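To start, the structure itself, in structure tokens.
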Amino acid sequence: MNEVPSRYNHKDTEDKWYKFWEENNLFSATVNPSKKPFCIVIPPPNVTGILHMGHALNNTIQDILIRYHRMKGFETLWMPGTDHAGIATQNVVEKQIAKDGLRRQDLGRDKFLERVWQWKEKYGSTIIQQLKKLGASCDWKRLRFTMDEAYSEVVKEVFVRLYEKGLIYQGDYIINWCPRCQTALSDEEAPHQEIDGYLYYIKYPLASKFQNYIVVATTRPETMLGDTAVAVHPKDKRYKKFIGKEVILPLIGRQIKIIADEMVDRKFGTGAVKVTPAHDPNDYLLGKKYNLEFINIMNPDGTLNENTFSYTGLDRFKARELIVNELKKINLLEKIKPHKISVGHCYRCHTIIEPYLSRQWFVKMKPLAKPAIEVVKKGKIKFYPKRWTKVYLNWMENIQDWCISRQIWWGHRIPVYYCRNCQQIYKSQIPNPKSQINLREKSGIIVSREKPEKCPSCGSTDIYQDEDVLDTWFSSWLWPFVTFYWPKESEDLKYFYPTSVLVTAPEIIFFWVARMIMAGLEFMQDIPFYDVYIHGTVRDIEGRKMSKSLGNIIDPLEIIEHIGADALRFSLIMITSTGQDIFLSEEKFKVGRNFCNKIWNAARLVLMNLDEKNISFDLCMFFKKEKIDPINRWIISRFYSTLKNVESALKYYNFNEYANLLYHFFWHQFCDWYLEIIKPKIKEIHNQLVMYKILEKFLRSLHPIMPFITEEIWQKLPKRKDNSIMIEPWPHIQQELIDKKLEKEMELIFDIVKTTRSLRLEFNLNKNLKLKIGLYTKDKRKIDFINSVFPYVMHLAGIESFEILERIPSLESKVSLLVGDVNLSIYLEGLIELKEEKKKLSQEVEKISLDIKNKEILFKNKDFLNKAPQQVIEQEKEKLSLLKERAKLLKTILDGIKDL
RNA sequence: GGGCGAUUAGCUCAGUUGGUUAGAGCGCGUGCCUCACAUGCACGAGGUCAGAGGUUCGAAUCCUCUAUCGCCCACCA
């Protein structure tokens with residue numbers, strides 16, 4: 001043992017043990033009817049992902065749950081995988097080929113996809129390697145990818161099933177369009193953010209009387225080029241006379257009608273609103289309602305199209321600038337007011353999205369949402385912390401249809417085929433909401449698992465597939481059962497589904513959690529998981545999200561490199577209060593690093609002094625046969641008490657509590673007290689056995705959060721036979737070894753030691769000076785206890801001898817103080833002044849008389865005596881008598897000092 | 001405009017269903033390189049629990065309002 005260094009070095013251990021676990025197949029799970037299953041499906045990280053602190057937290061939590069349940073005897077599966085992340089991955093590869101001056105169109109679809117697959121093969125498992133560094137104990141042999149062959153088949157299957165059920169439809173609507181990614185996005189993918197904008201007041205001249213005009217207010221003046229009406233409120237007196245008249249659209253010259261609709265807010269702007277049916281969701285509705293023209297003024301890349309005449313080809317924001325200038329010039333701009341405006345941003349590239357009219361595929365969500373609301377309301381699925389239930393329900397109850405088609409290449413291609421022959425008859429390529437057709441009933445559209453040979457309607461073989469792919473989330477919402485090869489009725493599926501718990505961050509609730517619940521109920525007729533644990537978001541020390549652009553990222557891999565995965569894991573969990581966001585700084589990782597070192601050194605002490613022959617007894621049996629001293633009984637009781645609390649913390653997902661309990665137990669009770677107490681007699685058999693057993697059990701209970709260091713020390717323990725700690729059973733709580741009374745009584749002993757230490761320092765006594773002390777108390781039980789325990793602990797305060805006194809001693813050559821209701825006297829020969837002590841005692845007397853007064857007031861209160869529970873009254877009575885006893889003692893001591 | 005969270009020691013946060021003297025880590029001060037650990041040990045200072053009102057025998061804890069900060073949702077042009 002002597003060669004073991006005094007500092008723990010994670011570099012010597014972490015990779016070594018991870019390899020050992022993998023090689024011995026310790027992560028794998030199989031159907032095992034004799035055991036209960038415990039299963040978590042990983043939130044599949046994007047193939048483009050690199051491990052950030054959010055991942056580190058998320059996966060540490062999952063790994064704690066997984067390792068804990070594995071040790072608890074469950075058949076435990078952590079199902080891993082990665083997500084193809086359509087837009088994100090395509091963007092990455094597009095950037096890559098851009099270095100060669102290429103666009104994806106230059107390569108063509110097939111060549112481009114080939115490049116993406118190459119990229120995926122090369123870099124797609126980066127994050128998996130990083131998860132391994134973190135210690136994640138996933139069953140890697142089951143690793144899935146949302147675009148592997150089997151998975152892709154199922155995605156098609158699901159699309160067709162939903163279509164056949166009438167839950168999927170195609171339609172021309174205003175959707176969120178990202179001009180940079182050039183694809184449609186779902187509402188969830190276009191989160192609104194407030195930005196500083198302007199409200200432009202523009203004069204629209206009336207067609208009949210040229211000198212008169214109506215003023216409209218808009219935040220997007222460029223969209224006026226697509227205006228096909230102006231709307232006012234029907235009861236608005238200012239505009240009543242204009243209803244039905246026409247205005248001339250400036251810059252364009254088009255005559256457009258003034259219509260009246262209650263949708264218009266009279267208080268906003270001028271009360272008159274321009275209507276652009278092709279570029280605004282509200283205007284779209286008005287357009288349909290009043291049969292207005294839908295004029296699209298924009299190209300997919302955000303430049304204006306030929307419908308805008310002289311502005312054709314300009315970027316939307318450049319056009320805005322020019323239009324405003326032009327309006328100014330011709331005196332049709334009344335004013336510009338600063339205005340906060342909330343606009344959608346692409347969640348992938350943060351470009352401002354454009355409400356854009358286009359033909360897309362949608363899923364009808366209301367029918368799917370209904371049962372998913374039920375299961376949460378009925379408590380079949382529980383959110384932790386509970387408050388997320390409300391967020392979930394609120395979203396579900398107001399759910400909108402889900403736009404699932406994306407105009408990108410990387411993804412699951414939509415299994416829809418068109419017949420060119422029939423298309424010529426029925427379908428125009430230009431979106432046109434006015435001629436909305438019920439596409440399902442029209443021939444020329446074939447939704448099919450396989451590419452059809454010929455058109456079932458006209459027999460033509462001129463058939464082509466829809467160019468679009470599906471939203472990434474349209475595959476990930478199937479994750480909890482497709483990973484078990486649904487729709488095959490596999491044994492794994494039966495055994496592991498529903499999974500136990502899903503662990504994720506709040507921003508994923510709508511994207512993924514809600515949709516998985518819907519998919520589970522729709523396709524499996526059962527919930528996908530019982531619990532949803534939502535952890536906080538990792539932020540920087542000022543509360544900002546970590547991002548590259550802010551430069552405030554703390555890289556978990558750097559931390560791991562520096563102090564190890566265990567230290568990272570422990571620190572993260574220690575500072576994460578349940579469900580709260582985490583404000584992180586590098587400083588905060590010290591806790592874990594220091595704790596590793598503490599564990600390491602305590603283990604060194606134990607192992608250096610351990611004789612193998614002493615440790616082969618069972619603790620319980622040993623206790624039955626032998627009379628064990630109170631110190632050893634105390635630490636064992638403390639351990640099992642802690643373990644009990646640990647289990648309850650884990651049950652309710654209070655991970656920081658779990659970390660805290662073990663930290664406190666190990667450092668401040670096992671090391672600070674127990675080991676220090678037994679040190680002089682560390683070779684005695686009771687001490688040998690207990691220190692070994694506690695260390696060994698502690699390692700097991702710590703293993704889920706600090707897998708590497710616990711394994712490293714475990715393997716150094718005698719008689720290990722190469723068994724990994726990770727498949728050892730979780731320590732069993734020995735209820736009969738918990739002695740709460742003893743734990744409390746021990747506090748008194750420690751207080752005496754601490755007070756003595758404190759006095760030593762206060763009176764500046766030489767540290768080598770051995771003390772003689774006297775102890776006095778009226779309590780017979782305490783006298784016995786002190787007599788039996790004090791000899792073990794005296795050395796901690798440099799006490800040479802103690803005596804139990806018959807009465808309070810006179811104060812000559814003594815320092816005397818109260819510890820609880822025990823009078824502690826330290827014998828000193830002319831070494832100290834008593835003035836300080838007197839002051840201290842007087843303060844104490846003051847405080848205690850105040851306490852007594854307060855308690856006496858309490859007992860005069862009849863309401864208290866009548867209404868408080870008997871137990872509380874008894875407690876208070878006891879407290880009062882203790883206080884009085886204490887006051888009496890104090891007075892005696894003080895009187896003694898006065899006599900001097 | 002709705003909803004949610006936070007406000008406790010210098011900093012970051014715990015504080016179960018209301019019930020002793022409100023805790024921890026870091027930081028700070030003092031003294032120690034004591035033969036497991038200076039990534040350590042011992043001792044210590046530091047709090048009107050954001051404010052106001054209410055319920056209660058009793059409130060950091062429950063209710064109402066207010067203030068500040070943060071997050072989420074919503075089609076206000």
Side-chain angles (χ1 to χ4, degrees), chain A residues 1 4 6-8 174 191-192 199 216-220 223 231 263-265 267-270 272-276 280-285 339 341-342 355 385 387-388 390-391 394-395 398 506-507 509-510 536-537 539 541 543 563 567 574-585 587-588 590-609 648-649 652 654 656-657 660 663-664 668 671-672 675-676 679 754 757-762 764 767-768 796-797 847 851 855 858 861-869 871-873 875-876 878-879 882-883:
Chain A
M1 223 26 233
V4 177
S6 70
R7 289 218 175 165
Y8 172 62
I174 299 268
H192 281 65
L199 198 54
V216 299
T218 179
T219 55
R220 294 188 297 153
T223 61
M263 199 191 239
V264 179
D265 180 355
K267 278 173 276 175
F268 189 89
T270 61
V273 55
K274 57 192 265 326
V275 181
T276 323
D280 182 278
N282 281 323
D283 296 0
Y284 171 87
L285 295 175
H339 184 71
I341 172 173
S342 173
R387 66 170 184 274
W388 295 109
K390 238 175 143 176
V391 175
N394 183 51
W395 186 76
N398 297 295
E507 56 264 32
I509 293 177
F510 306 143
T537 306
R539 301 173 179 281
I541 197 71
I563 59 168
M574 185 86 166
I575 61 176
T576 303
S577 37
T578 314
Q580 292 301 123
D581 285 356
I582 300 122
F583 294 0
L584 206 59
S585 67
E587 275 291 289
K588 296 196 173 179
K590 269 192 187 168
V591 195
R593 183 199 61 171
N594 293 357
F595 192 40
C596 279
N597 205 51
K598 190 70 185 177
I599 296 166
W600 184 249
N601 278 292
R604 275 177 74 213
L605 174 71
V606 172
L607 292 172
M608 270 185 221
N609 290 290
S648 123
Y652 295 105
N654 293 328
N656 65 321
E657 173 94 355
N660 245 311
Y663 180 86
H664 182 257
H668 298 302
C671 291
D672 287 354
L675 289 180
E676 292 302 330
K679 237 181 215 175
K754 279 160 99 170
R757 282 169 173 167
S758 175
L759 286 172
R760 289 192 83 112
L761 227 80
E762 199 171 335
N764 212 6
K767 62 176 175 156
N768 295 319
L796 297 185
K847 197 174 164 272
D851 286 349
K855 284 273 179 283
L858 184 64
N861 186 337
K862 276 184 191 144
D863 283 330
F864 172 70
L865 294 172
N866 292 335
K867 291 178 186 172
Q871 197 195 342
V872 173
I873 294 174
Q875 266 175 33
E876 292 297 321
E878 208 184 307
K879 261 179 260 164
L882 269 174
L883 281 170

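Treat the numbers as computed from the prediction; the structure is a model and nothing was measured.
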Legend entry - side chain to side chain donor-acceptor pair (under 3.5 Å) partners of A/Glu587, counting only residues at least two apart: none
Inset, instruction - Identify, with sequence neighbours excluded, every residue that meets side chain to side chain donor-acceptor pair (under 3.5 Å) alongside A/Asn601. - result: A/Arg604
Inset, instruction - Give a yes or no on whether a salt bridge exists between A/Lys274 and A/Asp283, defined as a side-chain N under 4.0 angstrom from a carboxylate O. - result: no
Work out how far the [atom1] atom of [N] is from that of [M], and round it to whole angstrom.
| N | M | atom1 | answer |
| --- | --- | --- | --- |
| B/G23 | B/A36 | P | 33 Å |
| B/C63 | B/C26 | C1' | 36 Å |
| B/A14 | B/C49 | C1' | 13 Å |
| B/G3 | B/U66 | P | 12 Å |
| B/C62 | B/G18 | C1' | 8 Å |
| B/A52 | B/A59 | C1' | 15 Å |
| B/U61 | B/G19 | C1' | 11 Å |
| B/G27 | B/A42 | P | 15 Å |

Inset, instruction - For A/Val264, enumerate each residue passing the side-chain contact (heavy atoms from CB on, under 4.5 Å) test, keeping only those at least two apart in sequence or located in another chain. - result: A/Ala231, A/His233, A/Val273
Inset, instruction - Kindly determine whether A/Lys590 and A/Ile563 satisfy side-chain contact (heavy atoms from CB on, under 4.5 Å), including the steps that lead there. - result: CA-CA 9 Å; A/Lys590 269 192 187 168; A/Ile563 59 168; over 6 Å; no
Rounded distance in Å - [atom1] ([X]) to [atom2] ([N]):
| X | N | atom1 | atom2 | answer |
| --- | --- | --- | --- | --- |
| A/Asn654 | B/U17 | CG | C1' | 14 Å |
| A/Ile575 | B/U12 | CD1 | C1' | 8 Å |
| A/Lys590 | B/C11 | NZ | P | 18 Å |
| A/Ile509 | B/G5 | CD1 | C1' | 13 Å |
| A/His664 | B/G25 | NE2 | P | 7 Å |
| A/Phe583 | B/G5 | CZ | P | 16 Å |

Inset, instruction - Mind checking A/Val264 for me? I need base, sugar-phosphate or nothing, with any heavy atom below 4.0 Å counting as a touch. - result: base
Do you know which two heavy atoms are closest between [X] and [Y], and how far apart they sit?
| X | Y | result |
| --- | --- | --- |
| A/Asn394 | A/Asn398 | O-ND2, 2.8 Å |
| A/Asn660 | A/Met574 | OD1-CE, 3.5 Å |
| A/Pro506 | A/Thr537 | CG-OG1, 4.1 Å |
| A/Ser342 | A/His192 | OG-CB, 3.3 Å |
| A/Asp280 | A/Ile174 | N-CD1, 3.7 Å |
| A/Pro281 | A/Pro355 | CD-CB, 4.0 Å |

Nucleotide N/O of nucleotides 69-76 of chain B paired with protein N/O under 3.5 Å:
unit_1, atom_1, unit_2, atom_2, d
B/C75, O2', A/Asn282, ND2, 3.0
B/C75, O2, A/Asn282, OD1, 2.6
B/C75, O2, A/Asn282, ND2, 2.7
B/C76, O2, A/Asp265, OD2, 2.9
B/C76, N3, A/Asp265, OD2, 3.3

Legend entry - Stem regions touching RNA chain B, defined by at least 3 consecutive Watson-Crick or wobble G-U pairs below 3.5 angstrom: B:1-7 with B:67-73, B:10-13 with B:23-26, B:28-32 with B:40-44, B:50-54 with B:62-66
Legend entry - Closest-nucleotide ordering on RNA chain B, the 5'-leading residue of A/Tyr663 and A/Ala272: A/Tyr663
Legend entry - Any A/Thr218 side-chain heavy atom under 4.5 Å of A/Leu199 side chain: no
Inset, instruction - Scan nucleotides 28-47 of chain B nucleotide by nucleotide, 5' to 3', and note B when protein non-hydrogen atoms come under 4.0 Å of the base, S if they reach only the sugar-phosphate, - if neither. - result: --------BB-BSSSSS---
